[in-house]
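Residue indices begin at 1 and follow the sequence shown. None of the values given here were measured: they were computed from a predicted structure.
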Amino acid sequence: MSLAVIHSRALAGINAPDVSIEVHISGGLPALSIVGLPELAVRESKDRVRAAILNSRFEFPNRKITINLAPADLPKEGSRFDLPIALGILAASGQLPVQVLAEHEFIGELALDGSLRPVRGALPTAMQCASAGRRLILPDANAQEAGLAQEACVLPAQHLLQVSAHLSAQTPLAPYARTGPPPGEYAAPDLAEVKGQSHAKRALEVAAAGGHNLLLIGPPGTGKTMLAGRLPGILPPMEANEAMESAAILSISDEGFDIRRWGRRPFRAPHHTASAVALVGGGSIPRPGEISLAHYGVLFLDELPEYNRHVLEVLREPMEKGRIIISRAARQAEFPARFQLVAAMNPCPCGYYGDSIRSCICTQDQIQRYRSRISGPILDRIDLHIQMPRPRRHELRDETSQQEESSAAVRLRVARCRRRQLLRYERPSHQFENRHLRQFCRLDTQGEKLIEQAIERLGLSARGWHRILKVARTIADLEASDDIAPYHVGEAISYRGLDC
C-alpha cells in the first residue's frame, strides 16, 4: 500500500476541525515534503518523525514521500501532527495495517526516541472526536484532560511502539478509566477577613448575584484588592457546560489546563502594562487573551487609570457581546469572553482625595486629568461605582472578626438569587437584553418617577438607565421579591457613584 489516510484535528479558536493526513510513497529520489499550509513547527516534524521511526526499530522508506494535510486552506500549527504523520508513513509503507485507521484519530508530539509528549487543545479535540464517532489516541499526559469529555473514547499511549502494537492488534491500548471530574471547591480567601466596608461588601454581593461589573474607588489600603480577590469565593458554582467551556479555553492557551482547576471560577489580574493583544487575544496565530481566560469568571484590573487608554477601549465590544472575534490576513478566530469586570482605582493621582487621615496634594485639574483617562463609554458599561472610605480603627480590631459574614453565607444567598434569575430568563440579570427589560423590570409609579429624576439630575445615558434597572432587578431577587420596589431602585441609583 503506497497511500494511507490518517485522521487528526487542528486548532481554530476553541474548535478542533477535522484534518485528513494523506501520505503517499512513490518512486524517485528520497525526499519528504509536507503540503497543506503547514506552519514552521509542522514543517520541522519530518526530522522528529524520521528519528522517532528509526529509534522505534521501524524502517524509514528510502523513497519519495508526499504528505498532504487536508483541507489545504486551513492553517496547521504546532507539533500535534507528529504522531499521525509517523503512523501514515508506516501504514503507507506496509509496516502497519490500514484497515483500522479510519476508526481512530491521533494527536501527539514525538520525541526523537519515539515517546509521546503532550500537546495543547486535548479537551476540544476529544469533544469533537466523540461527535465524529471515532476513538482518540493521544499522549498519556493529555489523557486526564481529554477524559473530561464524557462521550469520548480516549486511548492514552506513552510511545509510538504502543500505538503500533494497538493498531496491529498485538497489545490493545486500554481506554482511559474516568474517575469523574475533580471537585471544583478550593480554599478561596474568605470575605470575613475584610474588616468593615459594609457598603462595599453589599455591592460585591449584588455584583455577584447579577453578574454586574464593579468599580471600587478609594485611597490606598482601604481593601479594594482584598475585596476583589474574594469575589470568586461568593460566586455560585459553575454549571457543567460552563466548566467545560472554561477548561477548553485554558486547554488551547499557552499555559495549558490544570485538572485541579476544573470547575473553579477563573480570576485573572493582568498588570496595567499589559497590551491590547494580551488583554483581548491575537497574534499571527490567534490565541485567547485575558478576557477569554476569564470566561465565566472575574477579570480584575487594578489601578484602572494606569492602563493605556487604547487598551481599555478594546474592552467595550466584548463587555457587551460576551465574545471577541480576532481577524488576521490568513485566518479568523472567535473566542468566548463572558467575564465579570472588577476594577479598582485611587480617587486622584496621590491617592488621598477625600481621605479622613491624609490630605490630598492634587489640584482639581490633576484630578480631572487622572479620572479622564477612563472614558465615559467604559464607565457607562460598569454597573456599580463604589466609594470605599478608610475603615475606622474599631473596625480593624480582631474582636470584630466574629461579626463579619463569611463567604459561604453570602454565597448561599447569591446562589438562590441566581436560581431565580435562571428560572426567569436562563441568564443572570446583567445579560438581560434591552427588549426584555419592560417584561422583567417593571416599575410602579413611584419607581418610575425616581428613576426619571436620576436620569435628569445625573445625566444618565440610555445604557446607564438600563443598567440601573438590571441592578434593581438583582436587588429585588436577593430579597426574593417578584416586584421591584422604589427602595430597590434607590439602592441601584446609589451605586452610580461617579455619575453623581
Side-chain angles (χ1 to χ4, degrees), residues 180-214 216 222-244 246-247 258-269 294-300 338-342 344 383-384 386 388 391 394-424 427-431 471 473-481 488 491 495:
E185 298 293 334
Y186 66 105
D190 201 299
L191 193 62
E193 297 169 358
V194 182
K195 308 296 177 60
Q197 302 294 2
S198 57
H199 179 64
K201 287 181 179 179
R202 167 65 176 176
L204 194 74
E205 180 179 342
V206 172
H212 302 288
N213 300 321
L214 174 66
L216 303 172
T222 54
K224 302 186 295 296
T225 304
M226 283 187 67
L227 209 59
R230 281 145 182 81
L231 177 57
I234 65 173
L235 289 172
M238 296 182 81
E239 301 291 338
N241 64 314
E242 295 177 342
M244 191 67 73
S246 177
D258 185 345
I259 194 70
R260 292 170 296 182
R261 298 166 66 178
W262 170 262
R264 188 182 302 182
R265 296 276 181 184
F267 182 82
R268 308 292 300 189
H295 186 52
Y296 289 126
V298 177
L299 176 68
F300 177 50
R338 196 163 292 286
F339 59 95
Q340 186 169 354
L341 176 65
V342 179
D383 306 337
L384 296 89
I386 306 303
M388 292 184 61
H394 71 86
E395 293 176 327
L396 300 177
R397 294 174 186 164
D398 291 339
E399 306 89 77
T400 63
S401 60
Q402 300 300 324
Q403 303 172 8
E404 303 292 349
E405 198 170 23
S406 68
S407 293
V410 177
R411 191 181 191 185
L412 286 175
R413 292 199 298 270
V414 168
R416 285 197 296 265
C417 179
R418 280 286 182 99
R419 284 195 293 269
R420 288 180 59 86
Q421 294 170 356
L422 295 179
L423 288 173
R424 177 188 299 119
R427 298 179 190 177
S429 58
H430 174 69
Q431 297 177 27
V471 173
R473 176 70 270 171
T474 299
I475 296 170
D477 286 335
L478 279 170
E479 296 184 358
S481 172
H488 296 146
E491 183 178 351
Y495 292 141

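- You'll find the side chain of His295 stays beyond 4.5 Å of the side chain of Pro266, heavy atoms only.
- Nearest approach of Phe300 to Ala344, heavy atoms of both residues: CE1-CB, 3.9 Å.
- At a threshold of 4.5 Å between non-hydrogen side-chain atoms, the residues Val298 and Arg265 do not count as touching.
- Using a 4.5 Å cut-off on side-chain heavy atoms (C-beta onward), Leu214 and Gln340 make no contact.
- Take Ala408 and apply the side chain to side chain contact (heavy atoms under 4.5 Å, CB included) test, not counting sequence neighbours, and it matches Ser406.
- Residues that satisfy the side chain to side chain contact (heavy atoms under 4.5 Å, CB included) test with Arg416, not counting sequence neighbours, are Leu412, Arg413, Arg419.
- Two residues are said to be in side-chain contact when any heavy atoms from C-beta on lie closer than 4.5 Å; Arg264 and Ser246 fail this criterion.
- To the nearest 0.5 angstrom, Leu204 atom CG is 11.5 Å from Gln197 atom CD.
- Residues Pro391 and Lys195 fail the side-chain proximity criterion, which asks for heavy atoms closer than 4.5 Å.
- The structure places CD of Glu404 at 8.0 Å from CG of Leu191, a figure rounded to the nearest 0.5 Å.
- Using cut-offs of 30° and 60° on the angle between ring planes, the pair Tyr495 and His199 is tilted.
- Interatomic distance, CD of Glu405 versus CG of Asp190, reported as 10.0 Å (0.5 Å rounding).
- Here the straight-line distance linking atom CZ of Arg420 with atom CG of Leu478 works out to 10.0 Å at 0.5 Å rounding.
- When all heavy atoms of Arg424 and Asp477 are compared, the pair lying nearest together is NH2-OD1, 2.7 Å.
- Pairing each heavy atom of Ala209 with each of Cys417, the nearest pair is CB-SG, 3.7 Å.
- Note: Met226 CE to Leu216 CG = 12.5 Å, rounded to the nearest 0.5 Å.
- We find the CD-NE2 distance between Gln421 and His430 to be 11.5 Å, quoted to the nearest 0.5 Å.
- Closest heavy-atom contact between Leu384 and Val206: CD2-CG1, 4.2 Å.
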Report task. Applying side-chain hydrogen bond (donor to acceptor under 3.5 Å, both in side chains), run through Ser481 and His488 and close with a yes or a no. Result -> CA-CA 10 Å; Ser481 172; His488 296 146; 4.9 Å; no

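- Salt bridge status for Glu491 with Arg202: present, with a side-chain N to carboxylate O gap under 4.0 Å.
- Between Met388 and Ala200, the closest heavy-atom pair is CG-CB, 3.9 Å.
- Closest approach of Phe267 to Pro232, counting heavy atoms only: CD1-CG, 3.6 Å.
- The shortest side-chain heavy-atom distance between Arg427 and Arg338 does not fall under the 4.5 Å cut-off.
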